[in-house]
Amino acid sequence: MSLPKHYDAQAAEKKWYQYWMDKGFFRSTPDEREPYTIVIPPPNVTGVLHMGHMLNNTIQDVLIRKARLEGKNACWVPGTDHASIATEAKVVKLLREKGIKKSDLSREEFMQHAFAWKDKYGGIILEQLQTLGASCDWERTRFTMEPKLSKAVIKVFVDLYNKGHIYRGLRMTNWDPVAKTVLSNEEVIYTNENSKLYHVRYRIAGTENEWLTIATTRPETILGDSAIAVHPEDERYAHLAGKKAIVPLVGREIPIIFDKYVDMEFGTGALKVTPAHDMNDNEIGERHNLKVIDILDDSGALNEAAQFYVGMDRAVARKQSAKDLKAQGHIVKIENYTNNVGRSERTNAVVEPKLTEQWFLKMDTFAATALAAVENGEVDFFPPQMLNMYRNWLTPDNVRDWCVSRQLWWGQQIPAYYTADGKMAVAETQEEALAILNKDGGSYTAEDLKQDEDAVDTWFSSWLWPMAVFDAFEDPTELKYYYPTNVLVTGWDIMFFWVARMIMAGYEWSGDLLGPELAKEKGVHPFKDVYFTGMVRDNKRRKMSKSLGNSPDSMELMKKYGADGVRYGILSCSAAGNDVIFDAPFDKKSGKSLSESKLCETGRNFSNKLWNALRLIKGWPTKDSPPSTVNRLAVKWLDQKFNETLESIEQSFKTYRLSEAVKTLYNFIWGDFCSWYLEMVKPDYQQPIEETTLEHTINFFEKLMTLLHPFMPHITEEIWSHLREREEMDRCTNSTWPTGGEYDEGFLYKVETMKSLIASTRDIRKRNQLKDKETLDLAVQDGEGARIFLAEMGMAETIVKMAYLSSLTYTTEADHEGQGFIAGTEQYYLLFEKTIDVAAEREKLEKELNRLKGFIKGIEKKLSNERFVAGAPAAVVEKERKKLSDGKAKIELIENELFNLK
RNA sequence: GGAGGUAUAGCUCAGUUGGUUUAGAGCGUUUGGUUUACACCCAAAAGGUCAUAGGUUCGAAUCCUAUUAUCUCCACCA
């Protein structure tokens, strides 16, 4: 059998993913095993896989695959989110391109278009996740707007309403006067625009020539003024307490009020208050009980209430009013000014603040519950400092009621029904609404009812996700097995929008669904741990985004480096919670990101390294004879080193330090296994290896593949299949996670000393232009330390083999040709004919001597401090003493060497 | 304006409750290599006053305070 020189990731990845799917390895149904559950943060149904998804889903896959290897019932539920605003915007845009206006369509017609579009283009991202190797149970794929999930949303809305948590109220919203609709915050784009700041003077009522000057960018709204506000501590205006001012043009008298909101530094320090047309003015108006005078109609033109310029557009009215104010002597000055103007994403119209009726969810008790859940440790955050941000958001001062209504069609329609005569009922169905309305003898019919036009906020469906994916609101059977989920993996940017709200929902409903006993036993939190990933940024620290073009094409990356290579690349640079700098270079011409990455290249090279280690082993003929001492040492060492490494990896997993875990494995496999172990046991060319040593080697390789499998599933599966003859269900994917064992730190340290000894001989060869293969003699200064060190089984033989020596001998001579060096605490001489550059040699040794002396001085200072010896743990003191004696031994060696150098 | 994070080698980052760390890895750089597994490789080297200034401690990259830089979220810019 001959294996090609390079590993073909493309072919292997496709083959194995199909195999896993065919064998149902990712399928999960409740059984007697311990469950390990993750629900995917549902990506936007119309989205494509970007770097953030890759990071996020690779992490989830690592966790779920590890759990599967540990024999747990691993269940990873995939799905997509309907993302109401983004998707509706896309559909509206698409329809517009076809010449269809949303306003010409009925709700039903629009929804048909939207669903058709979703069916055609939606879900691409799920296929892309499969390319990445995501081991989701695809039979469980859910969508936040599918009928069952929508039903749950409606049920929950009604429940909250009946419990008194939901109310309807007026709220300042962003009004698009062209589309004549309310916009969500996300649909408003703010840019700095040049405008003018008008300083307008108002006459104080009851005076002839006393004025108060305000600054405004919108003089036309003067017609809707209800007050003038100044800061309560502003001495310039203190005398105006209780006075009134006269609004120019209309001549209305308005109070002068004092409010801390006013910035004394800005303009004149006096602010005109127009509660109907400004968010802040509205709040001031509420505090001071001011009249709300709405002077604009739905299209942004002035209405009757304005008295002047009626029917004129606000922009035209602005210029006209400025002209008129000037003519009447009210304009003090006009400045050029740059301010932040919000425009509609859809129509580019300047957004007008407007009061509209919205639905709200009271947050106070929910917020307290969600905060307590994390503070008392029922939910743990990783990294833990994320709790600070969470606390800050959920503190009562910062919590605002959640506006759950959105002026959109793509979403669950709010289950509120109105009658023409102003009655309202909230119910899951129209029939139930009728029943409520007719309870006291009414006689409304279905024709009398009009359902609320708005849809609920997308988050109002996603907050149920961990319960809804198990159809908990219809039948809690599966919930009882899988809930609470083990971990949620998500970005910290949606901590408040999503994470906190899922916790709220979990505490609100899962207790009832699970029943009191189970709820007590398992808890009602939706997940035990939350692992916050960082944002993926480019090498200029900008958030990767489509519009910037700074995100590499994820599919291209996987094509180039293999899914395993990309998984390695993205994981290795992502410590929990820290932002991820993904170093993809830019094309200088276009400024676009190239689909290249050094990190992914490292991952691909790693796959190739593994592949070649396999090729090496497969090429070895075997013989039936007892293992050599070198091979016995190699096996003993790697076995213990494996145990040590496994322990460190387990530790990293416990705290979700996945990048640490994968790097540890990388270093162990590449460095210890390939560069040292395999080189140690490698037979001479075309010579056989002992069967027992080969068997040990294959065992090691197998265990390593299982450890690496969660990170790089395809290559490990491929290698697994070549290592031995396999049954069809005997795959790396469902192999068994290895258990650790004992290791002797002293022994491992000895081997490290051996490694540095060998490295020193290579360094000396290189410095002296000696060929690596040229065999030389090595002499070690005879002494107890050297005798003990070299007495270790196989040690001397391994040094001879790995350092290309002809012999390793003890010496007592002080003077040697060749080059001396220290390894551990022993003095060695690599022997060869050499003219020694005494000056250079002395300089090098003296440098080292000085370093060591400083080192010793520090330790001596420490040890001479009684408080250290008394206060520090005994083990620490002992370690310091060892450091001291080793250091002193080395100093002595160097001083001897210096003495001998003439 | 409110809040939070980050600052360690040229770059990207580790450094887990302060103590075998006068500090590690990968990439990059330099040097050597036609070693029959791998040049997607092998061997080796150089490179850091741990942002700055104080403090706590027997001991600080690690804890505290201030400063500076930088990033993010929330609110807003009359």
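Chain letters run A, B, ... following the sequence lines, proteins first, then strands; residues in each count from 1. Because only heavy atoms are used, hydrogens play no part in the values below, and waters and symmetry mates are left out as well, while side chains stay in.
Contacts of A:Asp281 with the nucleic acid, taken as non-hydrogen atoms under 4.0 Å apart, are absent.
Shown here are the ring pair (Phe, Tyr, Trp, His ring centres under 6.0 Å) partners of A:His714, two or more places apart in sequence or in another chain: A:Trp20. Remark: A:Tyr261 pairs with no residue by the ring pair (Phe, Tyr, Trp, His ring centres under 6.0 Å) rule, at least two apart or across chains. Under the rule for a side-chain hydrogen bond (donor to acceptor under 3.5 Å, both in side chains), the partners of A:Asp225 that lie at least two apart in sequence or sit in another chain are A:Tyr202, A:Lys272, A:Thr274. Qualifying ring pair (Phe, Tyr, Trp, His ring centres under 6.0 Å) partners for A:Trp393, counting only residues two or more places apart in sequence or in other chains: A:Phe496. The side-chain hydrogen bond (donor to acceptor under 3.5 Å, both in side chains) check on A:Ser607 picks up nothing, with sequence neighbours excluded. Under the ring pair (Phe, Tyr, Trp, His ring centres under 6.0 Å) criterion, A:Tyr677 pairs with A:Phe673, A:Phe700, not counting sequence neighbours. Not counting sequence neighbours, the partners of A:Glu220 by the salt bridge (Lys or Arg N to Asp or Glu O under 4.0 Å) test are A:Arg218, A:Arg318.
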Would you tabulate the pairs of protein nitrogen or oxygen atoms and nucleotide nitrogen or oxygen atoms of nucleotides 44-47 of chain B closer than 3.5 angstrom?
residue: B:A44; atom: OP1; partner: A:Arg762; partner atom: NH1; Å: 3.4
residue: B:A44; atom: O2'; partner: A:Asp763; partner atom: OD1; Å: 3.1
residue: B:A44; atom: N3; partner: A:Lys766; partner atom: NZ; Å: 3.2

Polar pairs (N or O, both sides) under 3.5 Å between protein and nucleotides 18-21 of chain B?
residue: B:U20; atom: OP1; partner: A:Lys883; partner atom: NZ; Å: 3.4

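Listed candidates were B:C76, B:G26, B:C74. Nearest to the side chain of A:Tyr261 is B:C76. The side chain of A:Trp670 lies closest to B:C42 when the candidates are B:C38, B:A78, B:C42.
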Please tabulate, one pair per line, all N/O donor-acceptor pairs under 3.5 Å involving side-chain atoms of residues 662-671 of chain A, not counting sequence neighbours.
residue: A:Lys663; atom: NZ; partner: A:Ser572; partner atom: O; Å: 3.4
residue: A:Thr664; atom: OG1; partner: A:Glu660; partner atom: O; Å: 2.7
residue: A:Asn667; atom: ND2; partner: A:Lys663; partner atom: O; Å: 3.4

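Stretches of at least 3 consecutive Watson-Crick or G-U wobble pairs, with each checked distance under 3.5 Å, appear in RNA chain B as B:1-7 with B:68-74, B:10-13 with B:24-27, B:29-33 with B:41-45, B:51-55 with B:63-67.
Residue pairs satisfying the side chain to side chain donor-acceptor pair (under 3.5 Å) criterion with at least one member in residues 747-761 of chain A, sequence neighbours excluded, are listed as follows: A:Asp672-A:Lys755, A:Lys750-A:Glu792, A:Glu752-A:Lys755.
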